[in-house]
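Since the structure comes first, as structure tokens, the remarks are kept for the end.
Chain naming here is simple, since letters A, B, ... match the order of the sequence lines and numbering starts at 1 in each.
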Protein chains: 4
Amino acid sequence: MTTDPAPAAAQRRRRLSPEQRERQVLDAAVRVFSRSGFHDASMDDVAEQAGVSKPMVYTHGGGSKEELLRRCIRREADRLLVPVSQAAGSRTAASLPTGARTPAAPADTGPDAEHRLRHGLRAFFATLTSHRDGWSVLYRQARAGSIADEVHDARSRIVERVAGLLADELAVPAGADPVVIATPVAAALVGAAEGLADWSAAGGSDDPDVLAGLLMTLVWPGLDRLRG
Amino acid sequence: MTTDPAPAAAQRRRRLSPEQRERQVLDAAVRVFSRSGFHDASMDDVAEQAGVSKPMVYTHGGGSKEELLRRCIRREADRLLVPVSQAAGSRTAASLPTGARTPAAPADTGPDAEHRLRHGLRAFFATLTSHRDGWSVLYRQARAGSIADEVHDARSRIVERVAGLLADELAVPAGADPVVIATPVAAALVGAAEGLADWSAAGGSDDPDVLAGLLMTLVWPGLDRLRG
Amino acid sequence: MTTDPAPAAAQRRRRLSPEQRERQVLDAAVRVFSRSGFHDASMDDVAEQAGVSKPMVYTHGGGSKEELLRRCIRREADRLLVPVSQAAGSRTAASLPTGARTPAAPADTGPDAEHRLRHGLRAFFATLTSHRDGWSVLYRQARAGSIADEVHDARSRIVERVAGLLADELAVPAGADPVVIATPVAAALVGAAEGLADWSAAGGSDDPDVLAGLLMTLVWPGLDRLRG
Amino acid sequence: MTTDPAPAAAQRRRRLSPEQRERQVLDAAVRVFSRSGFHDASMDDVAEQAGVSKPMVYTHGGGSKEELLRRCIRREADRLLVPVSQAAGSRTAASLPTGARTPAAPADTGPDAEHRLRHGLRAFFATLTSHRDGWSVLYRQARAGSIADEVHDARSRIVERVAGLLADELAVPAGADPVVIATPVAAALVGAAEGLADWSAAGGSDDPDVLAGLLMTLVWPGLDRLRG
DNA sequence: AATGAATGAGTTTTCATTCAT
DNA sequence: GATGAATGAAAACTCATTCAT
């Protein structure tokens, strides 16, 4: 019966190459981890999602749950790095199509740099929105569940409050709800603050004046322009 | 013996008011959760950290581990909201000292708004850096452990890469390492992108063009000014 | 009442005599134990049912949960013994009131003995049905809950099967459902078998022939008469 | 070593079929439950008794302690039902050997019916005495422990008292202790009363007159015959 | 005498992980 | 190579019991 004469049936669980298996397992793991979070996800879940048995997950997933997550994180982080790197490489390539670049012009010609940044961000966001699961594994423990909701709500409250403050300042088209317009700006602002807090925790300055100054330098000109 | 002259010693196993106990338990929980993450932290750990027995943690912590975390999240989020709210209220109060404000002047006079934002951010960062544990519970599942490290590393790589790109553009004082200077800017930038991604996932637009456009509007003027 | 100057207020939680307290606690315990079973009932439940604090339950209930149950069992068993004892005493008392008993007459005069037994059984059942909680504590661990239900169902199946067999034999009034009539007889029969099994386990014979013979001797004449 | 010549030793941790495992687990559970009662028995106890690990008990025992007990109850109740059912089927089969049965004779011919009942009871008791554990799970929560003893004692007192009453009435061979002879009869009588009380609680009449009447109808003729 | 507060000890249940086939 | 079966270890949660007031 192992020598099943019916090939279709025999191939139902065909032997895959190690690379294919690993990809299969990692894909399943990213999915499961992003839905349930690392701890609430069980190796059984991963195995089922991958359509293989649990020992397979161990064989092709690094041998332990932690290592499996580690590999997921690495792979997804690399994925997010691609657009950034391309933006880097594009300095001469991708941005050139726009027009004839004079070699004489310095690398940081105004419009060129702006285009490059915009282009890079666009690619970054495109990757993000098309790989929500992977992003989730990197930036959130779980996207669902009562705890994830609670965290999300808490953060939302902060963003909303900031949006409320900004709304009073921004110039909005007549008829538009200023809060609605201010919300993404607030989300970006709060996110930037979190990013700086991470930097601070990782060894950067922890002087509130310095941190606030840095953030102001980055965003104030833009915000100022958004005001009437 | 009841009139013990050394109250501190006598009170080793003292009966506390429910409010005190709840604070004691929440403080311990925030600490433990921020170090080990929700799942790796055990109720025993929380009890030990609080210096009470496990049933106390259940009695004063909401009756379940999830509810305990929920209360931590709420309390810490409220703490972070304080500086933001004060920034709001300060429009007339805190910012007035700056000078004589003519009632005729609009509320969003340029320098005033800038000062207010800077002031709010400063307070926000001050709270953040002085309550790292609370911030951690809200924004990171764990600050330590091999997984937290892996996530941190993955993010760092992204920030570093972005910093590398920015470094080529920024004007830095002679002798300074441009990458070092660009790093916090990159951290803020990446954080802002994450914030927008959250907004996108929560119902905002998921068009990369829109997202990139929003972020550019916010940060490009500032970045442009940072360039020579 | 203990010379309290403010009787009404003081009596809200008045100090009861130890005997009253004990009765209060035992009453509550019997109730709680009969509803939830010994283990599923908590001392908190007993305290709440009794309207006192938990330490009171310990003070007046014997000092431990087991001892409390033991006291419940004893009290309720004594209660069930009363009708039996009265039946015994009634040989000369309750059944004789009619007239002077001649010493010559044997104690086991036919109709007299029958009346006495019927009288005793009636009193026994009267006590049983009016003290279901107490009976429950003695004969069932719990009267409710999914497990009690399961046990009850299992027993019912046996009784029903026996009733089915008996129904084929009994003579019933025209139009009556023989199974309905046979059911209480079956219940008594199965109960008698259980009683003998208990006796057997407690040291009586365990020869099935002997056990069956004993039961046949007791019930066959009656059953035979119930057949046409 | 895979070709171990001593299979018994080699199979110490053998893989069993699910059916075998389930039986193994249920057997152990019935045993443990019958000794310690449901609540005092721990899943560890069951696992140890079965010689397997606790997860096995969960895998093959229904997934929860309650479900495990439920399965025990069902299995043991089915076991007890077998002799009853056989008694039913034996109407023509098992009782035939006795003699030449004329088809013309009605199914409920006196001696035949009596033989059938006796036969059924004998089988019932045989099952009971050879499966004390199973019977215990069904009819007693625990067979040992201080509480089980207390309940047993309380019931015994009632049976003894009844036996004392009966002893005065029964005709016994010279030299025999009437109480000893009356005890199993009393046990059956009290058991029958309990059975009727169950029937009463399950929806039957709760009129003591009716209950006493039913029981008298069943047992009085037999008792009467036991008297001189 | 009476109680609210506190705890030690134990139990059910779940998984990551590994053999034997 | 692949799997079903099996387990060791841990963690949430409860409760009988006892102080300190």
Considering all heavy atoms, the nearest D/E66-C/S146 contact: OE1-OG, 2.9 Å
Rounded distance (Å) that lies between atom C1' of E/dT12 and atom CD of D/E66: 12 Å
Closest-nucleotide 5' rank along DNA chain F - winner of C/D44 and B/A41: B/A41
Distance, rounded to the nearest Å, where C/M43 contributes CE and E/dA2 contributes P: 16 Å
Paired nucleotide for E/dT21 [Watson-Crick or G-U wobble; both distances under 3.5 Å]: F/dA2
A/Q20 CD to F/dG1 C1', straight-line distance once rounded to whole Å: 15 Å
Full working for side-chain contact (heavy atoms from CB on, under 4.5 Å) between C/V52 and C/H60: CA-CA 11 Å; C/V52 299; C/H60 297 280; over 6 Å; no
Partner nucleotide, any strand, of E/dA1 [Watson-Crick/G-U, under 3.5 Å]: none
Whole-Å gap separating P (F/dA12) and NE2 (A/H39): 11 Å
Contact under 4.0 Å: A/R21 side-chain N or O vs F/dA2 OP1/OP2: yes
More than 12 heavy atoms of other groups within 6.0 Å of D/R132 CZ: yes
Sugar-phosphate, base or nothing in reach of D/A47, heavy atoms under 4.0 Å: nothing
Between C1' of F/dA12 and CZ of B/F38, the distance in whole Å: 10 Å
Paired nucleotide for E/dA9 [Watson-Crick or G-U wobble; both distances under 3.5 Å]: F/dT14
Heavy-atom check, side chain of D/R35 versus side chain of D/D133, under 4.5 Å: yes
Gap between atoms CD and P, on B/E22 and E/dA6 respectively (whole Å): 13 Å
Spatial distance of atom CG (B/L69) from atom OG (B/S64) [nearest 0.5 Å]: 9.5 Å
Rounded interatomic separation in angstrom, taking CG from C/L69 and P from F/dT17: 12 Å
B/E48 CD to E/dT7 P, straight-line distance once rounded to whole Å: 13 Å
Among D/I73, D/V32, D/V30, D/V25, side chain to side chain contact (heavy atoms under 4.5 Å, CB included) partner for D/L68: D/V25
Of residues 52-65 of chain B, the positions that come close to DNA chain F - non-hydrogen atoms, cut-off under 4.0 Å: B/K54, B/P55, B/Y58, B/S64, B/K65
N/O donor-acceptor pair under 3.5 Å between C/K65 side chain and C/S42 backbone: no
For F/dT7, the Watson-Crick or wobble counterpart (both distances under 3.5 Å): E/dA16
